Number of protein chains: 2
Amino acid sequence: MRLTTKGRYAVTAMLDLAINHNKDSVTLRNIAENQKISLSYLEQLFAKLRKQDLVKGMRGPGGGYRLARSADEISIAQIIRAVDEPMEFTDCHGLENCKGGERCLSHHLWVQLTDQLDDFLSNIYLGALMRESEQALEQRRTEPRQTGDRQKVTVPMH
Amino acid sequence: MRLTTKGRYAVTAMLDLAINHNKDSVTLRNIAENQKISLSYLEQLFAKLRKQDLVKGMRGPGGGYRLARSADEISIAQIIRAVDEPMEFTDCHGLENCKGGERCLSHHLWVQLTDQLDDFLSNIYLGALMRESEQALEQRRTEPRQTGDRQKVTVPMH
DNA sequence: TATAATACCTAGTATTTTAGTAGGTTATAA
DNA sequence: TTATAACCTACTAAAATACTAGGTATTATA
Ligand code: FES
Ligand code: FES
């Protein structure tokens, strides 16, 4: 019941990319520095994101990455799945055989839980998170030195 | 984004215990055999469940384990937490510092996700799962040889 | 009172996964 | 031609997980 840095890095990096959509492209070196993520590790994650057509890379000087689609068409679920995080709570992966060939007592519970999570992450889009982040940043700019103002944002519940 | 066998074993074993509540107690050896779980590993899990007052152990011949409380007062969240599965999706564990001291871009998302999961698992009780299992078993007894009748059960959504 | 069954405890280890490093090659703008 | 960036592959360190081994303590019962 963990989410690893792989998924977190991927979402964070994609968010960085979405926020900088006004620029032509963003280099991984930039993202690595901004978000404090190992460059080489990022490259590996982006290889997977590219294979799933979530980002587009451009080589050479001035090159970098950009979203392959609108931020409003990329869900968090897609990102996490792209970098190989299973998003699956059953042990049997649907085969109903984790109890030495048989279905275990709690199988159904994990299926329900998986559905719940999937539903949640499939309905949150990068675009929404991006706008929230920008709003938070804007607010911090206009109301400086106001600490403790934990940003209250709405994430759509299914 | 996985749930490990630790949590799955714990819930499955607790469910086994709940289903056999009519018996005075159930030995771990029984559970291990029924559910195909390593006995020694189960013992370690039950040490944790006991510390959280979820089960009560009785030594000696005829001894074993029983639920420390009614199955309707034990939530799945309690079980999973008891065996040390974090149930937490942030990397910072609330400290907002996973980006080298600063809060990362996606922090809020993981908080929301954690809340979602917690809410779900906190509202499912062992008692409900137990009754579902019994019902499924009963149905299989009265309608034998009827394959493909995937049991449709209701798990409360929050 | 001896025995066996059970919980209870601790340390170690094998395996797997994760996270990261190293060291390249290719493409391309300037 | 050069520098910059993507792109690629293999290796490695660290951590977590799953499991094993080998005990001790308690207690019903023969
Ligand atoms: S999780 Fe599917 S059979 Fe156990
Ligand atoms: S998850 Fe909390 S700061 Fe990154």
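What you are looking at is a predicted structure, and each value in this text was computed from that prediction instead of being measured. To find a chain, count down the sequence lines: A is the first, B the second, and so on, and within it residues start at 1.
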Pair B/H107-B/C92, side chain to side chain contact (heavy atoms under 4.5 Å, CB included): steps then yes or no = CA-CA 8 Å; B/H107 171 88; B/C92 64; 3.3 Å; yes
Gap between atoms CG and P, on A/L28 and D/dT4 respectively (whole Å) = 16 Å
Shortest side-chain distance from B/R50, nucleotide among C/dA19, D/dC7, C/dC8 | C/dC8
Send over the distance from A/R66 CZ to D/dA5 P, rounded to a whole Å.
-> 16 Å
So do A/R81 and A/D118 actually touch side chain to side chain, heavy atoms under 4.5 Å?
-> yes
Is any side-chain nitrogen or oxygen of A/Y41 closer than 4.0 Å to OP1 or OP2 of C/dT18?
-> no
To the nearest Å, how far apart are B/I37 CD1 and D/dA18 P?
-> 12 Å
Would you say A/Y41 and A/K6 make side-chain contact, with heavy atoms under 4.5 Å?
-> yes
Nucleotide nearest A/S40 (side chain, heavy atoms from C-beta), chosen from D/dA28, C/dA22, D/dA6 = C/dA22
Please say which of B/L45, B/L129, B/I74 ends up in a side chain to side chain contact (heavy atoms under 4.5 Å, CB included) with B/M14.
-> B/I74
Short side-chain N/O contact to C/dC8 OP1/OP2 from B/Y65, under 4.0 Å = yes
Value in whole Å for how far the C1' atom of C/dT16 lies from NZ of B/K6 = 14 Å
Judged by atom type as modelled, is there a donor-acceptor pair below 3.5 Å linking the side chain of A/T114 to the main-chain atoms of A/F89?
-> yes
Determine yes or no for a side-chain-to-main-chain donor-acceptor pair under 3.5 angstrom, with B/E102 supplying the side chain and B/K99 the backbone.
-> no
Can you find a side chain N or O atom of A/Y9 that sits less than 4.0 Å from OP1 or OP2 on C/dG20?
-> yes
Measure from the side chain of B/S38, starting at C-beta and using heavy atoms only, and say which of D/dT17, D/dT20, D/dA6 lies closest.
-> D/dT20
The contact string for nucleotides 10-16 of chain D, one letter per nucleotide 5' to 3', using protein heavy atoms under 4.0 Å with B, S and - for base, sugar-phosphate only and none, comes out as B------
Between A/E43 and A/G60, whichever has its closest DNA chain C nucleotide further toward 5' is A/E43
Starting at CG of A/L42 and ending at C1' of C/dA19, how long is that distance when rounded to a whole Å?
-> 12 Å
Check the distance between D/dA5's C1' and A/I31's CD1 and give it to me in whole angstrom.
-> 13 Å
Separation of D/dA18 atom C1' from B/L3 atom CG, nearest Å, is 14 Å
When only distance counts, do a donor and an acceptor, one from the side chain of A/R59 and one from the base of C/dT28, lie under 3.5 Å apart?
-> no
Atom CG of B/D24 to atom P of D/dT27: distance rounded to whole Å?
-> 16 Å
Lys/Arg-Asp/Glu bridge criterion (N-O < 4.0 Å) met for A/R141, A/E138 = yes
Counting side-chain heavy atoms from CB outward, which of D/dT27, D/dA6, D/dT4 is closest to A/T27?
-> D/dA6
Mapping B/L39 and B/E85 to their closest nucleotides on DNA chain D, which lands nearer the 5' end?
-> B/E85
If you measure only the distance, is there a donor-acceptor pair under 3.5 Å linking the side chains of B/S106 and A/T12?
-> yes
